[in-house]
Amino acid sequence: MRIPPYLATIFATSIILCLIFVAGSFVALTEHPWVDFSALAQYRPGKPSIVLDDEGNEWARFQLDKREPIKLSDVPPLVIQAFLAAEDRNFYNHAGISWRGIIRSTVVNIYRGRRAQGASTITQQLVKLLFFDTKKTFTRKIKEQLLACIVEQQFTKDQILEIYLNHIYFGCGIYGIKAATQRFWHKDVEQLTIDEAATLAGIIRSPKKYCPLEQPDNALRRRNIVLTCMREAHYITQEQLTTHTDTPLHLAPHDMTECAPHVREMVRQTLEDLVGKHALYTGGLTIQTTLNTAMQTAAAQTFAHHIETIRHTVIDDVDGALLTIDTATAGIKALVGGYHKASQFNRALQARRQMGSIFKPLVYAAALEAGAQFTDVKIDQPIACMVNNTLWEPQNANKRFSGPMTLAYALTRSNNSIPIQLILELGTDKIISYAKACNLSGPLYPYPSLALGCVDSSPYEAAGMFNIFANHGAYVQPHLISWVKDQLGNKIWKHTPQTKQVVSSQISSQITKALTTGRKHWEKMVNMVWPACETIGKTGTTNDARSCWVVGSTPSYTTAIYIGRDDGKAMGTDVYSVRTVLPLWVDFNRAITQPKTNFSYDPRLTEVVVHQRTGKRLWNKEDPNAITLLSP
């Protein structure tokens with residue numbers, strides 16, 4: 001409900017009078033300050049926090065500024081004017097708070113029935129940055145205004161502005177105008193152009209929304225608004241406004257901590273929640289991660305090469321993610337969140353797509369637990385069933401049915417008909433319980449289509465789920481940070497593994513052994529040099545190739561790779577995981593060191609060789625129809 005403007009004005013005026021009354025304590029506060037401003041006067045960037053890889057080498061750090069703070073006299077006038085135009089045009093005329101701005105914003109907010117405008121001066125923003133958290137309360141706002149008045153009494157305008165420019169946050173962990181200028185354009189502040197100054201000033205209102213590394217389109221629109229404000233304040237001419245409004249952002253090539261930008265962002269978000277921004281950027285912490293920098297480099301290079309190839313030969317707007325975890329500990333060893341390093345959209349964690357056939361091993365695990373054997377034979381044939389009063393007639397990927405085959409062979413060939421038969425016999429309860437135990441967030445619907453992976457997942461979740469087969473049936477939640485120490489060397493946080501036994505060691509061993517035979521089929525389809533160690537894996541291609549997956553394990557690592565379009569649209573009818581994602585998976589696993597060569601299996605199982613279609617015992621492993629399994 002909107003309040004008439006005249007009532008809003010009366011109400012706002014009443015509030016302002018109350019504020020003036022509260023602010024009456026201002027004189028006493030200035031005579032007897034209740035906040036020590038010596039730290040403000042003697043600004044120091046603090047001690048950086050160091051991030052280590054799994055070999056103890058530094059690969060990233062967090063600090064307020066990477067360089068010495070800049071003096072205001074070294075900042076070009078047009079840069080200062082850009083910030084004044086965007087944030088506080090009357091900065092040099094008020095005493096810390098803007099009564100005109102407070103009245104205007106209060107009226108607008110009351111009239112619109114929501115918080116539509118703010119009225120913080122640059123001095124208030126500095127006080128909020130240095131002395132308060134982000135929680136917005138009426139009491140905090142009063143304190144902020146009083147402190148702003150005190151700061152104005154104890155410091156000159158130029159001192160306040162200098163500290164402000166050296167402290168303000170520009171997004172992506174960047175604090176201070178000098179660090180931001182170097183990060184965005186690889187230049188000094190003295191070299192900034194008008195449009196670059198406006199870009200920086202435009203970020204302040206919402207760094208997450210307007211940081212050019214995260215949201216270039218938003219940053220461009222916001223920059224042009226600041227340019228307009230500069231023209232209204234007569235800081236630039238109409239000709240300059242027109243010229244710079246049409247200028248692209250022209251960001252410098254950017255690596256966002258050369259090694260692993262998306263991993264660094266994960267560390268930042270986790271640590272800000274865990275210890276707070278101040279401790280992270282000034283506390284001198286040591287952060288031990290599970291990342292392996294050699295694997296990360298191989299992942300980034302291999303991923304970029306294959307995505308570029310796919311963009312040139314298949315579809316030009318494809319993107320994706322890669323995530324590798326240690327099979328035993330689930331520590332994240334490598335993570336690529338997308339093709340563009342500057343993008344903050346981490347597809348390894350945030351892109352949720354249907355899993356397709358990579359989900360099928362859970363169906364076979366449920367069948368084995370219910371008493372089935374991999375040597376059991378079922379007929380690959382057409383199926384029709386009612387789902388939500390609609391006739392459902394699923395097909396195999398090749399649109400053909402091939403008759404009798406063992407469950408093991410059906411798994412390795414990613415058959416559709418047989419897992420649907422299994423789920424119709426078993427029901428969905430056990431499979432859904434497995435999925436939940438593996439932290440698949442779903443949604444998980446109790447329909448026969450569950451057998452075909454109609455489950456949304458991210459590469460992070462998919463890697464954790466598939467890893468249970470290489471890890472003797474145990475789910476371990478993937479993690480990145482092992483421990484955190486303060487600057488005195490005291491361990492203030494340590495990762496506690498979250499482990500669940502999802503399936504028995506016997507069942508996981510049987511599925512792993514069956515999947516090792518699937519490599520022969522893959523090798524025929526992908527003519528590449530494969531890793532020397534054993535491998536298991538599943539491909540998955542959803543309808544119209546909206547998602548293409550490979551999730552696979554070696555004895556040492558499990559890697560999930562996804563490609564697709566960010567808008568979720570189809571990539572085409574002739575796009576398959578085995579041709580697009582599988583070569584990437586193979587190249588990456590060849591490029592990294594594989595400490596272990598063979599999987600370990602439950603010793604209570606016996607190796608048998610059977611015919612892949614009839615399930616009958618064979619004595620020759622080299623028979624083209626032979627499949628080697630483990631039997632209880």
Side-chain angles (χ1 to χ4, degrees), residues 53-55 57 59-60 255-264 289-314 318-341 346-348 358 459-460 462-463 466-467 470 478 480 515-516 518-520 522-523 525-539 548-563 577-599:
D53 66 9
D54 62 353
E55 296 179 342
N57 300 312
W59 65 269
D255 48 34
M256 281 184 63
T257 305
E258 302 72 16
C259 178
H262 292 102
V263 183
R264 183 187 190 277
T289 69
T290 61
L291 188 79
N292 182 280
T293 49
M295 292 177 65
Q296 177 64 33
T297 300
Q301 293 175 350
T302 309
F303 183 87
H305 170 72
H306 280 269
I307 291 296
E308 287 167 2
T309 300
I310 295 169
R311 287 186 168 196
H312 289 141
T313 59
V314 182
V318 70
D319 214 318
L322 179 153
L323 177 72
T324 298
I325 62 175
D326 183 280
T327 55
T329 66
I332 295 174
K333 294 298 179 182
L335 184 150
V336 179
Y339 178 72
H340 290 292
K341 290 184 178 182
N346 186 345
R347 293 163 186 81
I358 65 172
Y460 172 86
F466 194 84
N467 190 60
L480 177 61
L515 287 173
T516 60
R519 171 166 163 171
K520 296 179 181 179
W522 277 2
E523 287 177 341
M525 300 186 70
V526 179
N527 185 22
M528 299 177 66
V529 177
W530 283 64
C533 59
E534 285 189 313
T535 62
I536 62 172
K538 282 295 291 121
T539 57
C548 286
W549 291 88
V550 168
V551 183
S553 300
T554 67
S556 302
Y557 307 111
T558 293
T559 300
I561 304 175
Y562 149 81
I563 69 164
S577 299
V578 74
R579 299 174 188 169
T580 54
V581 193
L582 183 56
L584 167 55
W585 188 93
V586 173
D587 267 357
F588 169 66
N589 277 282
R590 283 184 56 243
I592 63 177
T593 301
Q594 300 284 351
K596 300 175 185 177
T597 304
N598 301 105
F599 291 106

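Hydrogens, waters and symmetry mates play no part in the numbers below; they use all other heavy atoms, side chains included.
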Given side chains that start at C-beta, do those of [X] and [Y] come closer than 4.5 Å, heavy atoms only?
| X | Y | answer |
| --- | --- | --- |
| Ile307 | Ile563 | yes |
| Ile325 | Asn467 | yes |
| Lys538 | Val551 | no |
| Gln296 | Val336 | yes |

Which pair of heavy atoms, one from [X] and one from [Y], lies closest together, and at what distance?
| X | Y | answer |
| --- | --- | --- |
| Arg311 | Asp319 | NH2-OD2, 3.7 Å |
| Phe303 | Gly338 | CE2-C, 3.8 Å |
| Ser553 | Phe599 | O-CZ, 3.5 Å |
| Pro595 | Thr593 | CD-O, 3.3 Å |
| Thr539 | Ser577 | CB-CB, 3.9 Å |
| Ala463 | Thr558 | O-CG2, 3.7 Å |

Inset, instruction - With sequence neighbours left out, write down each residue that passes ring-ring contact (aromatic ring centres under 6.0 Å, His included) with Tyr562, or none if nothing qualifies. - result: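 Result, ring-ring contact (aromatic ring centres under 6.0 Å, His included) vs Tyr562: Trp549.
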Within the distance-only criterion (no hydrogens, no angle test), does the side chain of [X] pair as donor or acceptor with the backbone N or O of [Y] below 3.5 angstrom?
| X | Y | answer |
| --- | --- | --- |
| His312 | Glu308 | yes |
| Asn292 | Lys333 | no |
| Tyr460 | Pro478 | yes |
| Ser556 | Lys596 | yes |
| Thr327 | Pro555 | yes |
| Arg519 | Ile536 | no |

Legend entry - Passing candidate, side-chain hydrogen bond (donor to acceptor under 3.5 Å, both in side chains) with Trp59, options Thr293, Asp53, Thr289: Thr289
Would you compute the distance between atom [atom1] of [X] and atom [atom2] of [Y] and round it to the nearest 0.5 angstrom?
| X | Y | atom1 | atom2 | result |
| --- | --- | --- | --- | --- |
| Leu322 | Met295 | CG | CE | 9.0 Å |
| Leu323 | Ile561 | CG | CD1 | 10.0 Å |
| Arg579 | Thr313 | CZ | OG1 | 11.5 Å |

Legend entry - More than 12 heavy atoms of other groups within 6.0 Å of Asn527 CG: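 For Asn527, atom CG is not crowded (no more than 12 foreign heavy atoms under 6.0 Å).
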Inset, instruction - Using side chain to side chain contact (heavy atoms under 4.5 Å, CB included) as the criterion, point out the one residue from Leu480, Thr324, Val263 that pairs with Ile332. - result: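 Going through the options one by one, the only one that passes is Leu480.
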Legend entry - Worked check of side chain to side chain contact (heavy atoms under 4.5 Å, CB included) between Leu515 and Phe466: CA-CA 12 Å; Leu515 287 173; Phe466 194 84; 3.9 Å; yes
Contacts under 3.5 angstrom, residues 582-590 side chains, donor-acceptor by atom type, not counting sequence neighbours:
{"residue": "Trp585", "atom": "NE1", "partner": "Thr559", "partner atom": "O", "Å": "3.4"}
{"residue": "Asp587", "atom": "OD2", "partner": "His306", "partner atom": "NE2", "Å": "2.8"}
{"residue": "Asn589", "atom": "OD1", "partner": "Gln594", "partner atom": "NE2", "Å": "3.2"}
{"residue": "Asn589", "atom": "ND2", "partner": "Trp585", "partner atom": "O", "Å": "3.0"}
{"residue": "Arg590", "atom": "NE", "partner": "Val529", "partner atom": "O", "Å": "3.0"}

